[in-house]
Amino acid sequence: GNSVTQMEGPVTLSEEAFLTINCTYTATGYPSLFWYVQYPGEGLQLLLKATKADDKGSNKGFEATYRKETTSFHLEKGSVQVSDSAVYFCALSGATGGFKTIFGAGTRLFVKA
Amino acid sequence: EAQVTQNPRYLITVTGKKLTVTCSQNMNHEYMSWYRQDPGLGLRQIYYSMNVEVTDKGDVPEGYKVSRKEKRNFPLILESPSPNQTSLYFCASSIPITGGHGELFFGEGSRLTVL
């Protein structure tokens, strides 16, 4: 079945460090891919998305490229800030089997000043 | 303001006592869905609805019911709660797109404890 695998956390970085959070997926068909972010005590909110192969999603300095050949959608940011501390979820929808959403387990990021 | 509203935000109940968690959205979205969030497991989909009177099971539907009588509301019903349903619950809405749905808009979550 469809699945999403994220690197385990927590990830601890110093401010201005480079961030990569790995995400790989297994899906039939052509899913859309998403990164959501959850700040403490809040619901999830969309960070970025990509709907087809080679699309790059970007927002707030974060980027991720939909790589069909490696079934990956890794999240990157060149210089993290303390305010980026949160839990990040990779997700897919629209694979065969349609309207279900599959989330990864989430990766907690701590950024130290 | 566009939003998804869940109630209650926090609830402690006892095994077997029926409860309902309400969810309402003001964005005229056709698609609505319920998830539970548990440590190490991410979010798992319970039920979803493509439109009024159209619902389908997600990956963990056992012990839950839903209904979609109006477009804006999608309540989650626990007929006989058990301790393994202690979790953080999220409602979300979206618009359908070809082959799936677009960005999900989430409520703030409902933390449920079943004793």
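Between B:V4 and B:M27 the shortest heavy-atom distance is CG2-CE, 3.6 Å. Shortest non-hydrogen contact noted between B:T15 and B:P83 is OG1-CD, 3.5 Å. The two residues B:P8 and B:L11 make their nearest non-hydrogen contact at CG-CB, 3.9 Å. Minimum heavy-atom separation, B:G16 to B:S80: CA-OG, 3.5 Å. Closest approach of B:S93 and B:M32 over heavy atoms only: CB-CG, 4.0 Å. When all heavy atoms are compared, the tightest approach of B:Y48 to B:K57 is CE2-O, 3.4 Å.
Of the residues considered (B:A92, B:G42, B:G107), B:G42 shows the highest number of contacts with chain A, using heavy-atom pairs under 4.5 Å. In terms of heavy-atom pairs under 4.5 angstrom with chain B, the leader among A:G104, A:G9, A:A105, A:A91 is A:A105.
B:R9 pairs by the side chain to side chain contact (heavy atoms under 4.5 Å, CB included) definition with B:E108, not counting sequence neighbours.
Only the side chain of B:Y31 comes within less than 4.5 Å of a heavy atom in chain A; its backbone stays farther off. Contact of B:Q6 with chain A is not made at all, since no heavy-atom distance falls under 4.5 Å. Contacts of B:L41 with chain A are made by backbone atoms alone, with heavy-atom separations under 4.5 Å and no side-chain atom involved.
Cluster membership for A:V111 and A:V11, using ILVMFWY side-chain heavy atoms within less than 4.5 angstrom, is shared.
Side-chain atoms of B:T22 and B:N7 form no donor-acceptor pair, as typed in the model, at a separation below 3.5 Å.
Residue-environment remark: CD1 (B:I77) exceeds the threshold of 12 foreign heavy atoms within 6.0 Å.
Ring orientation note: the planes of B:F106 and A:F103 are nearly perpendicular, at an angle over 60° on the 30°/60° scale.
For residues 5-16 of chain A, the pairs satisfying side-chain hydrogen bond (donor to acceptor under 3.5 Å, both in side chains) are A:Q6-A:T107, with sequence neighbours left out.
Contacts with chain B (heavy atom to heavy atom, under 4.5 Å) involve these residues of residues 66-89 of chain A, listed by number: A:F89. Residues of residues 34-50 of chain A lying under 4.5 angstrom from chain B, judged on non-hydrogen atoms, are A:F34, A:Y36, A:Q38, A:G41, A:E42, A:G43, A:L44, A:L46 by number.
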